[in-house]
Amino acid sequence: MNRQDLKTIIYAEKTKDETNKYKHKICVCCGAGCISSGSEEVMKKLQEEINTRGLENEVEVIPTGCMGPCNQGPLMKFLPEYNIYQKVDCSNITAIVQSQLIDKKPIEDLLLFADSREKPFINAQEDPFFKKQLKIALKNCGHINPERIEDYLVHNGYQALDKALFEMSPEEVIAEVKQSRIRGRGGAGYPTGLKWETVYKYVNEQKYVICNGDEGDPGAFMDRSVLEGNPHRVLEGMAIAGYAIGANKGYAYIRGEYPLAIKRFELAIKQAKKMGLLGNNILGTAFSFDVEVRIGAGAFVCGEETALIASIEGKRGTPRPRPPFPAESGLWGKPTLINNVETYAAISPIINNGGEWYSEIGTPKSSGTKVFALAGKINYAGLIEVPMGTTLREIIYDIGGGIQGGEEFKAAQTGGPSGGCIPAEHLDVKMDYESLVSLGSIMGSGGLIVMDKSSDMVDVARFFMEFCMDESCGKCVPCRVGTRMMHDLLQKICDNKATQIDLDRLEELAVYVKETSLCGLGGSAPNPLLSTLRHFRQEYEERIVNHELRELH
Amino acid sequence: MKMIQVAFIICFTDINHSLLCIPDVASSSLKQYKAYEIPSQYLSVVARPFLSPHKNSGELFMKSGTAVLEKELPKTDPRVKLIAAKMKKENYKADALIEILHTAQNAYGYLPKEVLSYITQSLHLPPSRVYSTVTFYHFFSLKSKGEHTCLVCTGTACYVKGAQAILNEIERKTGLKAGQVSADNKLGVQVARCIGACGLAPAVVLDDEVQAKATPEEIVKKINAKLETV
């Protein structure tokens with residue numbers, strides 16, 4: 001298919017949309033979260049209900065990706081009114097359809113509602129949960145059917161690829177990405193444009209593009225939702241990256257725990273190939289690009305880039321020392337570009353709207369938006385996207401609707417087992433790469449877990465250390481032995497059996513492990529411990545003092 | 001069943017010679033394998049693929065006359081056919097090993113040794129390479145996971161919302177700890193690091209079905225219901 005054919009298809013789809021002019025659109029969230037809550041049955045029942053009422057020419061039912069507040073699912077959204085119903089159940093569908101479509105009045109009691117608020121917002125766009133967000137990577141998630149490429153095409157899909165191929169040289173694409181100042185969304189925050197340029201400069205007939213979808217941090221599900229809600233966006237980002245650096249082959253490494261994301265991504269590849277948007281001579285140009293899915297097998301360390309490459313090669317996922325960096329010698333020794341799912345998802349808007357537009361969002365050092373996965377003791381647990389520099393308070397209280405049960409906020413954990421805890425006195429911290437590091441935490445991939453007073457911070461540190469101990473690949477000694485020793489010491493403190501000497505040793509060990517480990521797993525494993533020690537030292541000391549007092553008596 | 005292969009094979013190679021050492025079963029050097037839970041009499045290290053990258057040593061091995069046999073898989077078994085088709089699709093490339101293991105694990109529910117031997121032979125890989133890969137990744141299991149599985153997510157969000165209480169209750173009622181399978185192989189209890197359903201915490205997966213916002217009592221009730229229906 002060439003460029004003209006694509007335009008014809010888009011035009012045909014758009015006119016179909018206009019001539020068919022459905023009076024109502026009902027989006028039913030079919031993300032993994034809502035499916036687990038039963039959204040597929042809800043959708044079936046809804047379609048039946050509409051058919052029996054003879055409304056099928058007026059109402060279109062669309063299965064979409066994640067809408068956001070996952071814990072209130074299954075969610076159902078009526079457009080154009082923008083009324084969102086929460087916890088929809090097969091039993092109340094008849095009532096909802098009757099009231100919404102016939103009586104033209106929403107049922108207020110069933111609308112999306114956070115316990116902390118007085119009453120639900122009739123138009124959900126007024127809800128701070130949606131109002132305070134700025135969706136770029138997640139733009140079409142929750143609006144389009146992720147299993148139809150046509151839906152994506154109508155919403156400007158693959159226009160950025162078209163633009164890059166026909167109007168820009170690879171150098172110009174890289175310059176645009178550099179100008180956007182976007183930083184890697186996987187956690188480390190390395191400037192994406194710089195990475196692209198480095199790979200571009202290595203001369204080799206074979207280069208690779210890898211999409212890191214091995215989202216191992218417990219408490220994070222951004223990549224899953226992006227892959228499920230809009231797989232074509234990621235695919236498009238990868239193809240643009242391939243064009244920019246001169247690669248013709250891409251791999252998407254997706255966690256084995258995400259069967260739905262794998263299924264939808266594979267379907268997206270198939271559809272794009274059929275349309276000539278992937279494969280040989282894309283849109284009739286000389287550029288060819290193919291993508292293959294690799295399924296992870298449950299190893300946290302495979303999120304580290306060199307370990308991920310080993311895993312794609314079918315080996316044990318153990319990291320190797322860098323340099324050489326993958327940009328020079330990666331997959332099968334060839335120059336390789338590795339970016340996170342969310343980074344690729346942000347590429348097509350950058351190409352479409354220009355790097356300058358993107359760089360103006362967020363803070364000077366961290367541009368753009370970031371997707372966070374809110375979870376824990378919060379009223380709206382789910383997926384959000386906010387400009388960099390939004391304060392933690394805004395995220396938790398305005399967007400997240402506050403702490404469950406009106407409890408007091410104690411700490412927020414960011415960055416998973418590599419990150420740390422932010423205490424209540426720093427609620428006004430701006431969420432960007434530097435501010436979080438200065439508090440002893442990291443941005444990480446975007447998991448944000450809210451804890452109230454029922455969480456014991458020493459046990460939280462022990463929990464993460466147990467995770468790192470289990471997930472350590474065993475290659476280097478500081479990580480393999482160090483995490484085990486730190487875990488045992490933390491267990492001792494939790495059991496109220498430790499002394500001051502143990503605590504001193506723990507702190508000493510933490511520094512050793514941090515400084516001497518080979519890869520990021522060991523290097524950041526002590527972070528949860530160090531940050532809880534920094535902000536909640538009294539909880540550690542209380543246990544030691546209590547123990548020592550008991551010993552005296 | 002032609003399960004003859006017993007020995008661990010060490011191949012010493014210099015420029016011209018390959019030597020094979022097949023240690024005595026009774027010798028102490030085999031004892032260390034007990035740590036990996038392989039019964040020493042069934043140390044099913046398959047020799048041919050171990051040597052196949054070097055053709056000469058392969059010949060030498062055949063001359064030495066030691067049998068190279070593993071338990072044969074019934075070729076008509078649909079599960080075997082599935083694995084064979086997958087390997088063919090992947091062109092018997094070594095880098096597709098993990099993909100092929102996924103297919104095998106999905107077909108059998110775990111990775112029986114004879115299946116591993118079959119894959120090892122077909123891909124011409126050293127058994128050590130396959131075994132080390134299988135044991136590295138959490139997803140792969142060398143033991144049966146039980147007819148019904150109960151997977152408790154212990155990711156951070158589930159942890160904060162009380163996953164441990166669910167595990168404790170399961171252990172109290174069924175006597176099974178995480179990672180254990182009941183004696184009659186009816187139920188297996190496992191933990192996951194994070195299944196990415198954090199909005200629904202605490203989450204439990206019963207036979208591939210996610211139970212959102214689980215409570216200890218409800219889960220135990222559902223487990224009992226599963227066990228009774230069979």
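Every chain is numbered from 1, with letters handed out A, B, ... down the list of sequences. Quick caveat, the model's predicted, so the values are computed rather than measured.
Here the side chains of B/His138 and A/Glu471 are in contact, with some heavy-atom distance below 4.5 Å. Side-chain contact between A/Phe463 and B/Val160 is absent, with no heavy atoms from C-beta onward closer than 4.5 Å.
No other option in B/Val205, B/Leu97, B/Ile100, B/Leu200 has as many heavy-atom pairs under 4.5 Å with chain A as B/Leu200. Between chain B and the residues A/Ala373, A/Gly256, A/Ser455, the largest count of heavy-atom pairs under 4.5 Å involves A/Gly256. Each of A/Phe467, A/Tyr380, A/Phe300 has some count of heavy-atom pairs under 4.5 Å with chain B, and the biggest count is that of A/Phe467. The residue among A/Val301, A/Asp452, A/Val293, A/Asp459 with the most heavy atom pairs within less than 4.5 Å of chain B is A/Asp459. The residue among B/Val130, B/Ile195, B/Thr156, B/Leu101 with the most heavy atom pairs within less than 4.5 Å of chain A is B/Thr156. For chain B, the option among A/Cys70, A/Ser36, A/Ala375 with the highest count of heavy-atom pairs below 4.5 Å is A/Ser36. Of the residues considered (B/Val134, B/Thr154, B/Ile98, B/Val210), B/Ile98 shows the highest number of contacts with chain A, using heavy-atom pairs under 4.5 Å.
Interface residue B/Glu90: only side-chain heavy atoms are found under 4.5 Å from chain A. Residue contact with chain B, scored on non-hydrogen atoms closer than 4.5 Å, is absent for A/Leu374. Contacts between A/Val450 and chain B at a heavy-atom distance below 4.5 Å involve the backbone alone (N, CA, C, O). When heavy atoms are compared at a cutoff of 4.5 Å, A/Tyr258 approaches chain B solely by way of its side chain, counted from C-beta outward. Using a 4.5 Å cut-off between heavy atoms, B/Ala201 does not touch chain A at all. At a 4.5 Å heavy-atom cutoff, the contact between A/Gln404 and chain B is made by side-chain atoms alone. Interface remark: A/Ser225 contributes no atoms to any contact with chain B (heavy atom separation under 4.5 Å). The contact between A/Asp217 and chain B is made entirely by backbone atoms, counting heavy-atom distances below 4.5 Å. Residue B/Arg129 touches chain A through its side chain alone, counting heavy-atom pairs closer than 4.5 Å. Proximity to chain B (any heavy atom under 4.5 Å) is restricted, for A/Ile449, to the side chain, taken from C-beta onward.
B/Arg193 contributes atom CZ, which lies 11.0 Å from atom CZ of A/Arg255 (distance to the nearest 0.5 angstrom). From B/Cys198, atom SG reaches atom CG of A/Leu383 across 10.5 Å, with rounding to the nearest 0.5 Å. To the nearest 0.5 Å, atoms NZ (A/Lys315) and OG1 (B/Thr133) are separated by 9.5 Å. The CZ atom of B/Phe136 lies 5.5 Å from the SG atom of A/Cys473; values are rounded to the nearest 0.5 Å. Atoms CZ and OH, on A/Phe464 and B/Tyr159 in that order, are 8.5 Å from each other to the nearest 0.5 Å. Going from atom CD of A/Glu257 over to atom SG of B/Cys153 covers 9.5 Å, rounded to the nearest 0.5 Å.
With hydrogens and angles disregarded, a donor-acceptor distance shorter than 3.5 Å links the side chain of B/His102 to the backbone of A/Gly296. A donor-acceptor distance shorter than 3.5 angstrom exists from the side chain of B/Lys213 to the backbone of A/Asn71, with no hydrogens or angles considered. A side-chain donor-acceptor contact under 3.5 Å links A/Arg316 to the backbone of B/Ser132.
More than 12 heavy-atom neighbours from other residues, nucleotides or ligands sit within 6.0 angstrom of NZ on B/Lys75. Crowding of A/Lys87 atom NZ: a count of heavy atoms from other residues, nucleotides or ligands under 6.0 Å exceeding 12.
Contact between A/Ala297 and B/Tyr137 at its shortest, heavy atoms only, is O-CB, 3.2 Å. Nearest heavy atom pair, residue A/Pro218 against residue B/Cys194, reads CA-CB, 3.5 Å. What you find for B/Gly196 and A/Phe221 is that their closest heavy atoms are O-CB, 3.5 Å. The heavy-atom pair separating B/Phe139 from A/Gly298 by the smallest distance is CD1-N, 4.2 Å.
Between B/Asp95 and A/Arg294 there is a salt bridge, since at least one side-chain N of the basic residue sits less than 4.0 Å from a carboxylate O of the acidic one.
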